[in-house]
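Reading through the structure tokens given below for one structure.
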Amino acid sequence: MEIVIVGAGKMGMELCKSLALEGHNITLIEKNAERLQLVLESADINGILGNGSFYEVQSRANVATCDMFIAVTEQDELNIIACVIADKMGAKYTVARVRTLEYAEQMDFASKNLGISLMVNPEREAAREIFRTLQFPAALNVEPFVHGHVNMVQLVVPEKSPLIGMNMIAFRQHFPGLIIAIIQTEERSVIPEGSTVLNENDHFYVLGEHRDLRRLYGEMGGLTRIRSVLIVGGGRISRYVLDMHRKTSKHIKLIEANEMIANDLAEEFPNIEVILGDGTDQELLREENISAYDCLMSMTGIDEENIILSMFAASAGVKRTITKVNRTALLPIAYSVGVQTMITPVNLGATAIIRYVRSISNASQSSNIEALYRVSNSDVEVMQFFARPSFNAINMPIVDIPFRKGVLVALIVRNHEIIIPTGNDKISAGDRVLIVSGQSTAKDLNDFLQRGDK
């Protein structure tokens with residue numbers, strides 16, 4: 001596909017790298033020469049220096065003939081205007097990043113009346129991720145598949161756990177309704193084989209239905225329900241989370257240093273206790289009885305503060321921490337010091353856009369990517385496909401399918417039946433299939449077959 005991207009910030013850079021690797025022809029528009037050069041040196045793309053909301057600049061980028069136009073600058077208004085112009089010029093699809101709360105509430109209207117195909121709000125995506133995480137207290141992250149009937153949750157192997165030393169064959173025998181899709185250590189992420197063993201402190205991603213996951217939680221021990229949450233920082237993500245919990249029974253307290261923001265939140269959410277103060281002040285946190293809370297959300301605008309806050313909360317006895325980290329370079333550091341759930345809005349927003357690009361580019365392929373999850377700080381993806389009759393291994397036992405190395409068929413859904421496959425199971429036309437693989441240019445189930453078998 002011919003794709004034009006406006007904006008070379010964190011999200012623009014991530015999109016350029018990922019979409020270029022997938023074989024798309026990318027043209028990046030950026031008005032800052034240094035930023036533009038930085039991305040051009042790191043990705044195989046074309047670049048144009050200029051303002052992406054100007055007609056003349058879009059003309060030089062051949063927007064009139066592009067397949068998709070994506071505007072992800074820091075300015076919502078610029079993104080919206082750029083997409084409106086691109087739509088009028090003839091771009092087939094337009095995508096805008098929109099972060100302002102008021103604009104986000106008008107997404108449906110804007111999409112229908114301004115010719116914007118998709119509006120992505122990274123902060124809202126982050127809030128949804130947090131909301132899902134709060135529903136699964138034992139999980140560090142939660143990703144739904146098959147319309148929420150199946151979830152993939154990230155867990156950690158605690159010390160003295162019965163899971164230590166258990167290989168994948170034994171795990172499947174003990175938990176027949178579950179499958180471990182990914183095991184992540186400090187050094188790398190692996191797609192496990194039957195002989196792969198779980199070790200203490202390993203992070204693992206397990207797929208299954210809620211009832212089977214509950215049984216796993218029970219055997220692992222730990223928190224089973226979150227009744228109270230302490231939030232530090234009243235920014236956009238926190239507002240979205242509070243809105244999602246308007247009718248909750250959870251006790252939620254929020255600490256915000258800005259008096260105007262604190263007053264606005266107290267007025268908008270009368271059922272939430274809002275404290276005016278510096279949430280990074282450990283004395284204040286002790287006064288507010290931090291150790292009594294089930295979960296701490298570190299949502300300030302400074303990554304380092306969020307990481308330290310979560311570490312302090314864990315030392316105070318808080319069992320669950322959710323930490324906002326904007327800079328992906330800090331993720332390995334946070335991981336190494338034991339920070340639990342890390343929320344990166346840029347990655348979540350980029351993933352939503354990449355999922356949309358793939359769905360458009362695969363529309364005429366033999367199978368459709370219906371869902372995509374990209375493991376943070378890793379090159380592993382989990383993809384949900386719709387299997388069409390043109391898949392070259394239809395009705396062939398999985399053990400006989402010539403998949404490329406490092407490809408795992410994690411799940412098959414057939415007529416609402418959830419199948420954790422063995423080597424004897426088959427992929428039939430009409431199935432939903434979850435594939436775990438390293439990031440690649442695969443756009444179709446056939447792309448996972450060895451060369452010569454497509």
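Atom set for the values below is all heavy atoms of this structure, side chains included, hydrogens, waters and symmetry mates excluded.
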Over all heavy atoms of both residues, which pair between [X] and [Y] is shortest? Give the atoms and the distance, please.
X    : Y    : value
T321 : A313 : CG2-CB, 4.0 Å
C83  : I116 : CB-CG1, 3.9 Å
E193 : T196 : N-OG1, 2.8 Å
L28  : A8   : CD2-CB, 3.9 Å
N25  : E2   : ND2-OE2, 2.8 Å
A61  : V4   : O-CG2, 3.8 Å

State, without any angle test, whether [X] and [Y] hold a side-chain donor-acceptor pair at a distance under 3.5 Å.
X    : Y    : value
E14  : S18  : yes
S298 : T323 : no
T185 : D202 : no
Q340 : R320 : yes
D425 : T422 : yes
T94  : D87  : no

With sequence neighbours left out, what residues match [X] under ring-ring contact (aromatic ring centres under 6.0 Å, His included)?
X    : value
Y93  : none
H245 : F131
F54  : none

Strictly distance-based, threshold 3.5 Å: is any side-chain N or O of [X] a donor or acceptor partner for the main-chain N or O of [Y]?
X    : Y    : answer
N446 : N392 : yes
S310 : I307 : no
R236 : R99  : yes
D303 : R327 : yes
Q450 : F403 : yes
Q58  : G52  : yes
T351 : N347 : yes
N306 : V325 : no

Is [X] atom [atom1] crowded by more than 12 heavy atoms from other residues, nucleotides or ligands, each under 6.0 Å away?
X    : atom1 : result
Q37  : CD    : yes
R188 : CZ    : no
D400 : CG    : yes
K250 : NZ    : yes
N32  : CG    : yes

Is there a side-chain contact between [X] and [Y], using heavy atoms and a 4.5 Å cut-off?
X    : Y    : result
I3   : I70  : yes
V206 : L213 : yes
F175 : L163 : yes
T27  : I48  : yes
L15  : V72  : yes
H24  : M68  : no
E381 : S437 : no
R35  : L38  : no

- Message: If you apply the rule side-chain contact (heavy atoms from CB on, under 4.5 Å), what do you find for D294 with K319, and how did you get there?
- Response: CA-CA 6 Å; D294 294 328; K319 294 181 179 178; 5.9 Å; no
- Kindly indicate, with the supporting measurements, whether the criterion side-chain contact (heavy atoms from CB on, under 4.5 Å) is fulfilled by V433 and L411. CA-CA 6 Å; V433 184; L411 197 93; over 6 Å; no
Let me confirm one number: the [atom1]-[atom2] distance from [X] to [Y], rounded to the nearest 0.5 Å.
X    : Y    : atom1 : atom2 : result
L155 : H203 : CG    : NE2   : 10.0 Å
T100 : D76  : OG1   : CG    : 3.5 Å
R97  : L118 : CZ    : CG    : 13.5 Å
I191 : I182 : CD1   : CD1   : 7.0 Å
M11  : T73  : CE    : OG1   : 11.0 Å
M244 : R132 : CE    : CZ    : 9.0 Å

- Query: Less than 6.0 Å separating the ring centroids of F448 and F385?
  - Reply: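 Ring centres of F385 and F448 closer than 6.0 Å.
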- Pair K10 + E74, salt bridge at N-O below 4.0 Å: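 No, no charged N to carboxylate O under 4.0 Å.
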- Do the charged groups of R239 and E123 touch, with an N to O distance under 4.0 Å?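 So R239 does not pair with E123 through a salt bridge.
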- Query: Q384 and V413: side-chain contact (heavy atoms from CB on, under 4.5 Å), yes or no, with the steps?
  - Reply: CA-CA 10 Å; Q384 178 181 316; V413 182; over 6 Å; no
- Item | side-chain contact (heavy atoms from CB on, under 4.5 Å) involving I412 - partner list, sequence neighbours excluded |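 Here the qualifying residues are I398, V409, R414, I419, P421, I427, D431.
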- Message: Parallel, tilted or perpendicular: which one describes the rings of Y373 and Y205, with boundaries at 30° and 60°?
- Response: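 Tilted: the ring planes of Y373 and Y205 meet at 30° to 60°.
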- Item | With K92 via salt bridge (Lys or Arg N to Asp or Glu O under 4.0 Å) - residues at least two apart |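 If we apply the salt bridge (Lys or Arg N to Asp or Glu O under 4.0 Å) test to K92, skipping adjacent residues, the hits are D67.
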- Evaluate side-chain contact (heavy atoms from CB on, under 4.5 Å) for I29 paired with L49, printing each intermediate quantity in order. CA-CA 6 Å; I29 301 174; L49 184 65; over 6 Å; no
- Message: Show me the pairs that pass side-chain hydrogen bond (donor to acceptor under 3.5 Å, both in side chains) and involve residues 166-176, at least two apart or across chains.
- Response: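 Listed once each, the pairs are H174-E219.
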